[in-house]
Amino acid sequence: MSDKPEPPLSAIPPQLVSLADYADRAAAHIPTAIYEYIVGGGADEISLKRNREVLDRTLILPRVLADVTRGTTETRVLGEQFRHPFMLAPVAFHRLVHPQGELASARAASALEAPMVVSTLSSYTLESIAAELTSPGWFQLYFQQDRDFTLSLVRRAEAAGYSALMITVDASLHGIRNRAQRAGFELPPGVEAVNLRDRPPLPGAVLEPSQSIVFQGMMTEAPTWEDIAWLQARTQLPVILKGVLSPADAVMARDLGIAGLVVSNHGGRTLDCVPSGLELLPAIRRVVGEEMTLLVDGAIARGTDAFKAIALGADAVMVGRPQLYALAVAGAQGVAHMLRILREELEVCMSLAGTPTLADITQDALYRPD
Ligand code: FNR
């Protein structure tokens with residue numbers, strides 16, 4: 001870590017061969033407090049660590065001598081054809097780590113035909129990012145207290161050509177971010193939530209001494225199931241809920257006509273002491289059926305991680321922090337390289353496991369000791 005971060009590299013050194021290499025290298029390119037904000041999780045980081053532990057203890061059972069010469073990583077998600085199942089998760093403020101921010105990430109996603117989910121809290125406008133994207137772009141929505149303003153964000157996303165709305169439902173509050181607090185993280189000058197510039201000022205709620213700053217304060221902005229239904233009735237875009245872990249919530253979402261879910265604990269950054277998305281994926285797949293789109297994220301950093309997620313019921317996976325590490329280290333070419341590594345690792349894994357298509361990757365491809 002450094003308070004004098006190195007500028008992004010202009011060429012990728014041959015030693016950078018995995019996402020872990022980018023993660024290690026990133027510390028030298030990101031100011032300390034920002035690095036801590038990115039890398040950290042909620043409270044004691046139990047969920048953050050669990051995301052990696054669960055992936056590590058899930059093992060693959062390869063089948064040999066299969067013909068994979070017609071192999072492909074192609075998949076259909078929400079009616080769109082994807083070349084591979086890796087997506088860029090919505091991540092706020094890419095300018096924290098690179099002056100070109102989301103514009104560079106969008107160029108990289110386009111080069112690798114990876115869908116990008118653009119955060120409400122992007123540091124370039126959602127329109128300018130869409131202008132860089134030739135791969136599918138989805139817009140991640142954080143509900144705002146002013147519902148008309150929320151709807152105006154949706155209208156902007158529709159006009160800019162985003163093809164799905166991903167509403168994040170697990171982060172109405174930041175959660176307890178002790179690591180970022182200890183490091184004194186705050187947004188540096190020049191980095192802001194540009195999409196929210198025209199947001200009407202919040203009516204300053206005056207709380208009675210008996211009222212809670214959380215329940216009657218911050219949570220008054222949080223959406224409920226009624227708000228989701230309200231928004232669904234006002235857009236033609238498919239709606240995906242991000243941050244669902246409970247099978248009961250998954251059923252409620254499906255019954256409401258929600259097109260897909262991201263089974264996720266927000267990279268271990270919101271409520272601590274929750275299981276990883278991967279752990280709940282099979283149960284959620286069971287209760288919602290085969291039709292509903294299920295994505296998963298949390299610690300995905302290898303082709304084998306994606307393989308495991310697909311075996312457990314995911315249609316595609318999203319990567320969060322690795323985007324920022326690669327962007328900090330080598331800008332757009334770093335993010336493109338990161339995506340290429342993932343795609344190639346998945347192809348190698350599928351070949352060696354004897355599963356030529358994503359449809360062949362079922363729970364039988366995992367090792368389950370008796
Ligand atoms: C996030 N994430 C996130 N999610 C979201 O819906 N909107 C957002 O603006 C952000 N912002 C954000 C910032 C940073 C710095 C991080 C690390 C994460 C969560 C993100 O979409 C994803 O769920 C996790 O990052 C996945 O875990 P990994 O891949 O980072 O382990």
Side-chain angles (χ1 to χ4, degrees), residues 1-32 34-36 38-39 51-52 55-56 59-60 62 68-69 71-74 82-89 91 94-116 132-135 267 297-310 316-353 355:
M1 272 177 281
S2 166
D3 279 323
K4 289 208 187 331
E6 295 172 25
L9 304 173
S10 53
I12 295 171
Q15 306 91 297
L16 285 184
V17 294
S18 72
L19 272 60
D21 295 334
Y22 274 101
D24 289 346
R25 181 93 193 208
H29 293 269
I30 303 177
T32 307
I34 294 175
Y35 181 80
E36 292 287 292
I38 293 168
V39 83
N51 286 350
R52 189 64 244 162
L55 276 163
D56 285 344
L59 299 177
I60 295 165
V68 297
T69 51
T72 172
T73 59
E74 281 188 7
F82 293 176
R83 281 288 294 276
H84 53 77
F86 295 102
M87 307 180 60
L88 296 186
V91 165
H94 290 206
R95 280 180 80 165
L96 284 173
V97 302
H98 193 282
Q100 288 292 304
E102 291 86 356
L103 303 182
S105 306
R107 279 179 216 125
S110 301
L112 268 291
E113 299 180 55
M116 176 173 180
E132 297 291 339
L133 269 178
T134 55
S135 54
D297 70 10
I300 300 285
R302 283 283 187 192
T304 43
D305 295 338
F307 184 96
K308 295 169 190 179
I310 290 161
V317 299
M318 301 202 303
V319 289
R321 293 177 183 83
Q323 295 174 58
L324 295 186
Y325 300 149
L327 187 62
V329 171
Q333 58 170 339
V335 179
H337 184 216
M338 182 273 287
L339 285 164
R340 188 155 53 78
I341 290 172
L342 286 172
R343 197 188 66 196
E344 286 176 4
E345 286 186 351
L346 177 60
E347 290 179 3
V348 169
C349 174
M350 289 168 69
S351 299
L352 293 176
T355 50

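Everything numeric in this text was worked out from a predicted model, so none of it was measured.
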Suppose we screen for side-chain hydrogen bond (donor to acceptor under 3.5 Å, both in side chains). Which residues come up paired with [X], at least two apart in sequence or across chains?
X     : answer
Glu74 : Gln81
His94 : Ser105
Ser10 : none
Ser18 : Asp21

With a 4.5 Å cut-off on side-chain heavy atoms, are [Y] and [X] touching?
X      : Y      : value
Met338 : Leu88  : yes
Ser351 : Val68  : yes
Val97  : His29  : no
Glu102 : Met116 : yes
Leu346 : Pro85  : yes
Val329 : Leu9   : yes

Quick one: side chain to side chain contact (heavy atoms under 4.5 Å, CB included) partners of Ile12, sequence neighbours excluded?
Leu16, Tyr22, Ala330, Gln333, His337

Residues at least two apart in sequence or cross-chain that pass side chain to side chain contact (heavy atoms under 4.5 Å, CB included) with Leu59, listed by chain then number, are Tyr367

Donor-acceptor list for residues 318-328 side chains, cut-off 3.5 Å, not counting sequence neighbours:
unit_1 : atom_1 : unit_2 : atom_2 : d
Arg321 : NE     : Ile38  : O      : 2.8
Arg321 : NE     : Val39  : O      : 3.4
Arg321 : NH1    : Gly267 : O      : 3.3
Arg321 : NH2    : Gly40  : O      : 2.9
Arg321 : NH2    : Gly267 : O      : 2.8
Gln323 : NE2    : Ala89  : O      : 2.8
Gln323 : NE2    : Val319 : O      : 2.8

Look up atom [atom1] in [X] and atom [atom2] in [Y], then write down how far apart they are to the nearest 0.5 Å.
X      : Y      : atom1 : atom2 : answer
Ile30  : Glu36  : CD1   : CD    : 10.5 Å
Ile310 : Cys349 : CD1   : SG    : 9.0 Å
Leu55  : Ile300 : CG    : CD1   : 5.0 Å
Asn51  : Asp305 : CG    : CG    : 10.5 Å
Thr72  : His84  : OG1   : NE2   : 10.5 Å

Scan for salt bridge (charged side-chain N to carboxylate O under 4.0 Å, His left out) pairs involving residues 324-341, sequence neighbours excluded, and state none if there are none.
Arg340-Glu344

Sequence neighbours excluded, which residues qualify as salt bridge (charged side-chain N to carboxylate O under 4.0 Å, His left out) partners of [X]?
X      : value
Arg302 : Glu345
Asp56  : Arg52
Arg107 : Glu132

Contacts of type ring-ring contact (aromatic ring centres under 6.0 Å, His included), residue Phe307, not counting sequence neighbours:
none

Heavy-atom closest contact ([X] atom, [Y] atom, distance):
X      : Y      : answer
Ala106 : Leu133 : O-CD2, 3.8 Å
Ala108 : Ala332 : CB-O, 3.3 Å
Ala109 : Leu339 : CA-CD1, 4.1 Å

Phe86/Leu112 under side chain to side chain contact (heavy atoms under 4.5 Å, CB included): CA gap, chis, key distance, verdict
CA-CA 10 Å; Phe86 295 102; Leu112 268 291; over 6 Å; no

Between Thr73 and Arg83 (side chain of the first, backbone of the second, donor and acceptor by atom type, cut-off under 3.5 Å), is there such a pair?
yes

